[in-house]
Amino acid sequence: MALLDVRDLRVRFETHHGVVRAVDGVSFSLEEGETLGLVGESGSGKSVTNLALLGLIPNPPGVVESNGVMFEGHDLTKLSDRELRRIRGNQIAMIFQEPMTSLNPLLTVERQLTEVLELHKGMSRRDARKKAISALGDVGIPSPDQRVDQYPHELSGGMRQRVMIAMGLLCDPKVLLADEPTTALDVTIQAQILDLMRDLQHRHGTAIVLVTHDLGVVAGTTDRVNVMYAGRLVEQASTSSLFAAPQHPYTQGLIASVPRLDGDPNADLYSIDGSPPDLANLPVGCPFAPRCDQRQDRCTQESPVLENLSSDSARRASCFEVETVGGAS
């Protein structure tokens with residue numbers, strides 16, 4: 001049985017400008033010790049998906065619906081706030097994308113880290129401080145015994161991000177939701193953080209959902225990939241098969257836009273024409289059709305569904321141009 005099983009997750013925001021369907025029918029599973037990549041352009045619904053899993057979507061204006069978000073036999077969407085708080089940060093932890101808005105500016109780094117350990121692990125203040133200092137050192141913060149007493153505004157953006165990562169890893173969670181965890185870090189620290197996350201997996205069997213724009217990180221660290229566009233999953237595949245032969249035109253465009261070492265250094269970088277759609281006013285048919293160079297008339301009238309490929313039952317795609325079990329041409 002999967003450690004985490006997400007079934008038909010939907011998130012909408014009811015605004016003055018209309019209903020924004022940020023996540024529309026997303027389903028996936030996560031196995032123990034697995035890393036699942038979640039990729040797509042900004043606004044595709046990746047971060048909202050992670051927030052919804054932990055009950056962090058404010059209501060109003062957000063409304064979360066699903067056929068279940070199952071974690072170890074419990075439906076997270078049916079738990080009370082008190083029950084969710086026992087899981088959140090402990091068994092399921094999240095590394096947030098914006099540390100300056102996620103860290104409390106009125107509390108020292110020590111208090112924000114030790115609070116997690118005191119609450120979930122029952123540690124004494126002294127033991128929690130030692131653990132916090134060790135965690136800061138693990139994520140590459142110099143002089144952690146001094147930095148632990150500072151406030152977030154006294155740290156650089158990269159250091160604040162590392163504090164967020166340390167906080168996410170403190171309780172050795174079973175599931176780690178990592179939202180762009182290495183965006184603000186230089187390449188050396190990025191590699192160190194990814195190695196730390198891999199080490200956590202090997203020691204504790206931690207499963208990771210990795211949200212990132214960096215396809216290089218996806219290729220080097222994930223086992224499977226979910227590609228999102230306009231709040232929907234458009235392709236699901238193992239990492240190796242996705243990069244070897246992307247099926248959906250959007251996935252093909254994302255991979256083609258990555259610079260290659262063996263490519264022509266004078267050639268222009270490929271880019272996908274157009275912009276992502278307005279989620280409050282989606283086009284009729286396939287939401288990617290206005291930007292797709294493979295579209296047919298059918299694409300502007302009908303919306304394809306995510307189906308298994310006829311050539312590989314382990315892969316799924318939502319495109320009329322791809323041979324699926326459902327009989328797309």
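- Although no hydrogens or angles enter the test, the distance criterion places a donor-acceptor pair under 3.5 Å between the side chain of Arg160 and the main chain of Pro152.
- Using a distance-only test at 3.5 Å, with no hydrogens or angles considered, no donor-acceptor pair links the side chain of Arg224 to the main chain of Leu36.
- Atom CE of Met197 and atom OG1 of Thr221 lie 7.0 Å apart (nearest 0.5 Å).
- The number of heavy atoms from other shown groups lying within 6.0 Å of CG (Asn59) is above 12.
- With a 4.5 Å cut-off on side-chain heavy atoms, Phe71 and Leu4 count as touching.
- We find the CG-CG distance between Asp24 and Leu233 to be 10.0 Å, quoted to the nearest 0.5 Å.
- At least one side-chain heavy atom of Leu103 sits less than 4.5 Å from a side-chain heavy atom of Met167.
- Taken from CD1 in Ile208 to CG in Leu38, the straight-line distance is 13.5 Å, to the nearest 0.5 Å.
- Contact check for Asp214 versus Gln190: side-chain heavy atoms found under the 4.5 Å cut-off.
- In this structure, the side chain of Asp5 does not engage the main chain of Ser29 through any donor-acceptor pair within 3.5 Å.
- Arg198 and Gln201 form no side-chain donor-acceptor contact under 3.5 Å, judged by distance and modelled atom types alone.
- Residues passing the salt bridge (charged side-chain N to carboxylate O under 4.0 Å, His left out) test with Arg316, sequence neighbours excluded: none.
- Between Thr222 and Thr239, the side chains place a donor N or O and an acceptor N or O closer than 3.5 Å (distance only, hydrogens not considered).
- Between the side chain of His248 and the backbone N or O of Ser318 there is at least one donor-acceptor pair closer than 3.5 Å.
- Residues His213 and Ser42 are in side-chain contact: their nearest non-hydrogen atoms beyond the backbone lie under 4.5 Å apart.
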Show your working on side chain to side chain contact (heavy atoms under 4.5 Å, CB included) between Ile165 and Ile95 and close with a plain yes or no. CA-CA 6 Å; Ile165 294 169; Ile95 300 172; 3.8 Å; yes
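- Taking 4.5 Å as the limit, every side-chain heavy atom of His120 sits out of range of all side-chain heavy atoms of Arg88.
- Checked by atom type and distance alone, the side chain of Glu235 never pairs as donor or acceptor with a backbone atom of Pro246 at under 3.5 Å.
- The CZ atom of Arg232 sits 9.0 Å away from the CZ atom of Arg10 when rounded to the nearest 0.5 Å.
- Not counting sequence neighbours, Glu32 has no partner by the salt bridge (charged side-chain N to carboxylate O under 4.0 Å, His left out) test.
- Cluster partners of Leu119 are absent, since no Ile, Leu, Val, Met, Phe, Trp or Tyr has side-chain heavy atoms less than 4.5 Å from it.
- Note that OG of Ser238 is 7.0 Å distant from CG of Asp312, once rounded to the nearest 0.5 Å.
- Taking Ile, Leu, Val, Met, Phe, Trp and Tyr as hydrophobic and joining them when side-chain heavy atoms fall under 4.5 Å apart, one finds Val234 in a cluster with Val39, Leu215, Val218, Val225, Val227, Tyr229, Leu242, Phe243, Tyr250, Leu254, Ile255, Val258, Tyr270, Ile272, Phe288.
- No donor-acceptor pair closer than 3.5 Å links the side chain of Glu14 to the backbone N or O of Arg12.
- Side-chain contact between Met228 and Thr49: present, with at least one pair of heavy atoms (C-beta onward) separated by less than 4.5 Å.
- In the hydrophobic clustering, Met70 connects to no other residue, as no ILVMFWY side-chain heavy atoms lie under 4.5 Å from its own.
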Pair Thr206-Asp172, side chain to side chain contact (heavy atoms under 4.5 Å, CB included): steps then yes or no: CA-CA 8 Å; Thr206 306; Asp172 298 327; 5.8 Å; no
When you look at Val175 and Leu177, which way does the side chain to side chain contact (heavy atoms under 4.5 Å, CB included) test go after all the steps? CA-CA 7 Å; Val175 175; Leu177 307 177; 3.9 Å; yes
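- Between Glu180 and Lys46 there is no salt bridge, since no side-chain nitrogen of the basic residue lies less than 4.0 Å from a carboxylate oxygen of the acidic one.
- Gln252 places a side-chain N or O within 3.5 Å of a backbone atom of Gln247 that can act as its donor or acceptor partner.
- Side chain of Arg295 to backbone of Thr300: no donor-acceptor contact under 3.5 angstrom is found.
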Check the pair Thr108, Asp149 against side chain to side chain contact (heavy atoms under 4.5 Å, CB included), reporting the backbone distance first and the verdict last. CA-CA 6 Å; Thr108 63; Asp149 293 315; 5.6 Å; no
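- Tyr151 and Leu136 are assigned to two separate hydrophobic clusters, defined by single-linkage of ILVMFWY side chains at heavy-atom distances under 4.5 Å.
- Counting only N and O atoms by type, the side chains of Glu41 and Ser44 include no donor and acceptor under 3.5 Å apart.
- Note: Ser27 OG to Asn226 CG = 10.0 Å, rounded to the nearest 0.5 Å.
- With hydrogens and angles ignored, the 3.5 Å screen pairs no side-chain donor or acceptor of Gln91 with any backbone N or O of Lys174.
- The shortest distance between side-chain heavy atoms of Phe13 and Leu279 does not fall below 4.5 Å.
- Under the salt bridge (Lys or Arg N to Asp or Glu O under 4.0 Å) test applied with Glu118, the options Lys131, Arg111, Arg129, Arg126 reduce to a single match, Arg111.
- For Thr77 (side chain) and Val69 (main-chain N/O), no donor-acceptor pair under 3.5 Å exists by modelled atom type.
- Leu107 belongs to no hydrophobic cluster with other residues, because no ILVMFWY side-chain heavy atom falls under 4.5 Å from its own, directly or through intermediates.
- Here the shortest heavy-atom pairing between Arg291 and Pro276 reads NH1-N, 3.4 Å.
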Step-by-step salt bridge (Lys or Arg N to Asp or Glu O under 4.0 Å) determination, Arg147 to Glu154: CA-CA 9 Å; Arg147 298 292 186 182; Glu154 298 179 282; over 6 Å; no
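- Using a 4.5 Å cut-off on side-chain heavy atoms (C-beta onward), Leu76 and Ile92 make contact.
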